[in-house]
2 protein chains.
Amino acid sequence: MASTTRPPGRPRSSVDAEVFAATLRTVHELGYTRATVDRIAAAAGIAKTTIYRRWPSKGALVTACLVDAFGPLPLAGSAREEDVTAAVRFGARRIAEPGVAAAFAGVFTDAIGDPGLREILSTQLQDPYRQVLTESLGLSEQRVLFFIDVVIGTLLHRMGMTGEPMVESDVDALIHMLQRELG
Amino acid sequence: MASTTRPPGRPRSSVDAEVFAATLRTVHELGYTRATVDRIAAAAGIAKTTIYRRWPSKGALVTACLVDAFGPLPLAGSAREEDVTAAVRFGARRIAEPGVAAAFAGVFTDAIGDPGLREILSTQLQDPYRQVLTESLGLSEQRVLFFIDVVIGTLLHRMGMTGEPMVESDVDALIHMLQRELG
DNA sequence: CGGTATCGATACTAATCGTAGCGAAACCCG
DNA sequence: CGGGTTTCGCTACGATTAGTATCGATACCG
């Protein structure tokens with residue numbers, strides 16, 4: 001079992017959720033580039049140094065924020081067709097939340113050319129979803145990667161370019177396309 | 001006709017092509033964030049101030065670079081099926097060129113929260129392709145936008161995440177999917 | 001109360017974007 | 001050749017930002 005003994009010293013204040021909310025709010029309002037750590041800290045009502053005590057960089061903070069925002073994939077595990085529908089709708093809903101697409105685009109841009117952040121992004125966000133989808137859909141890894149790129153890429157591009165989430169009919173078209181392709 | 005009279009003063013040196021090449025090369029090596037204007041200027045063998053005399057910002061430079069790298073869409077104009085194939089293969093080929101995907105992701109990230117750059121990106125890069133595709137494919141604007149988001153989003157996401165262009169079989173799968181959807 | 005770790009606040013370094021000003025160079029015209 | 005005009009390279013600069021260092025105050029434990 002997990003140890004119930006507390007480490008010595010002053011415990012950390014439980015403001016992680018508040019910081020995540022402040023991060024997404026700030027990124028939503030100003031975009032990733034202008035969402036400075038100073039502003040995020042101010043929006044969360046804490047000191048900037050506290051943020052750097054918990055996350056090693058701005059990119060790592062935003063990544064943790066995305067991991068928290070996405071949460072686990074709600075997959076049944078057996079019915080492939082329903083799984084595809086559920087996964088696409090899940091992705092569409094999360095990416096449509098304020099700030100998520102901008103945060104993803106920003107951390108993704110920073111990760112190119114920053115191997116440390118790339119590692120964080122891979123292990124904490126991408127790999128878990130890749131694994132769960134590979135197991136759930138019963139497809140080869142190449143097929144799953146193709147599937148993910150189509151869904152996430154399309155949704156992110158739409159959100160980032162227009163600032164508006166995909167209309168429902170387009171999400172349906174995307175689902176329909178993928179079910180034909182995978183079925 | 002266009003005026004053939006030259007304006008007075010020293011003419012601009014013809015290094016635009018060299019600057020574009022240096023920009024993509026630098027972005028390819030270091031990513032958008034670490035590809036500073038100083039480094040790009042050094043790679044092109046010119047002074048940084050010369051770059052700012054021709055393009056108002058780093059984002060505008062990279063956008064001009066992308067416009068130059070993509071060029072016009074080679075569309076026949078009549079056969080829809082062939083047009084779809086040609087457009088997808090065109091996009092896949094250009095986005096696979098070194099630095100293009102990273103440049104696109106970076107300028108796209110900067111554009112969120114920078115209305116001026118957003119305007120440049122829209123008018124110089126997105127609108128022309130949107131218009132040409134709407135005319136060529138004979139589809140509603142909404143359908144064309146959906147089409148573009150799927151293609152560009154998917155290709156960009158793949159390139160950005162893996163650093164590798166899409167394998168040929170995935171490009172074929174993408175084309176197949178879209179032709180079914182549009183046909 | 002003593003030990004330990006966090007918190008807020010301030011100050012600081014290193015990059016980086018973008019601008020200003022300068023003398024030199026290139027081109028045109030007379 | 002000489003004057004007018006614009007670009008060029010260069011240096012310096014201001015503003016913003018990521019990330020670090022430090023210090024006194026604070027919260028929890030035994």
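Labels below follow one simple rule: chain letters A, B, ... track the order of the sequence lines, proteins then strands, and each chain is numbered from 1.
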| query | Reading nucleotides 24-30 of chain D 5' to 3', which nucleotides get B (base under 4.0 Å from a protein heavy atom), which S (sugar-phosphate only), which -? | reply | --BBBS-
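Using a 4.0 Å cut-off on heavy atoms, none of the residues of residues 113-121 of chain A approach DNA chain D. Sorted by residue number, the members of residues 30-58 of chain A with any non-hydrogen atom under 4.0 Å from DNA chain D read A:T36, A:V37, A:R39, A:K48, A:T49, A:Y52, A:S57, A:K58.
Using modelled atom types, one side-chain atom of B:T109 and one backbone atom of A:A105 make a donor-acceptor pair closer than 3.5 Å. In terms of modelled atom types and a separation under 3.5 Å, the side chain of A:K58 and the main chain of A:A35 share a donor-acceptor contact.
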| request: Go through B:Y52 and B:L61 one step at a time and tell me if the side chain to side chain contact (heavy atoms under 4.5 Å, CB included) criterion holds. | output: CA-CA 9 Å; B:Y52 279 103; B:L61 164 63; over 6 Å; no
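Taking the charged nitrogens against the carboxylate oxygens, A:D170 and A:R158 do have a contact shorter than 4.0 Å, which makes a salt bridge. A salt bridge does not link A:E135 with A:R130: none of the charged nitrogens is closer than 4.0 Å to a carboxylate oxygen.
Summary for the helix from C:dC1-D:dG30 to C:dG30-D:dC1: the axes at its two ends, each from 5 pairs, differ by 20° when rounded to the nearest 10 degrees.
For the residue pair A:T154/B:D149, the side-chain donor-acceptor check at 3.5 Å is not satisfied. For the residue pair A:D83 / A:S136, a side-chain donor-acceptor distance below 3.5 Å is found, with atom types taken as modelled. Using modelled atom types, one finds no donor on one side chain facing an acceptor on the other under 3.5 Å when comparing B:Y32 with A:D110.
By the salt bridge (Lys or Arg N to Asp or Glu O under 4.0 Å) test, B:D114 pairs with no residue at all, sequence neighbours left out.
At a threshold of 4.5 Å between non-hydrogen side-chain atoms, the residues A:V37 and A:W55 do not count as touching. Looking only at side-chain heavy atoms (C-beta outward), B:I152 and B:I95 come within less than 4.5 Å of each other.
Across the protein-nucleic acid pair, B:R12 atom CZ and D:dG9 atom P stand 12 Å apart, rounded to whole Å.
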Would you be so kind as to tabulate the donor-acceptor pairs closer than 3.5 Å made by side chains of residues 20-31 of chain A, with sequence neighbours excluded?
from  : atom 1 : to    : atom 2 : distance (Å)
A:T23 : OG1    : A:V19 : O      : 2.7
A:T26 : OG1    : A:A22 : O      : 2.7
A:H28 : ND1    : A:G99 : N      : 3.4

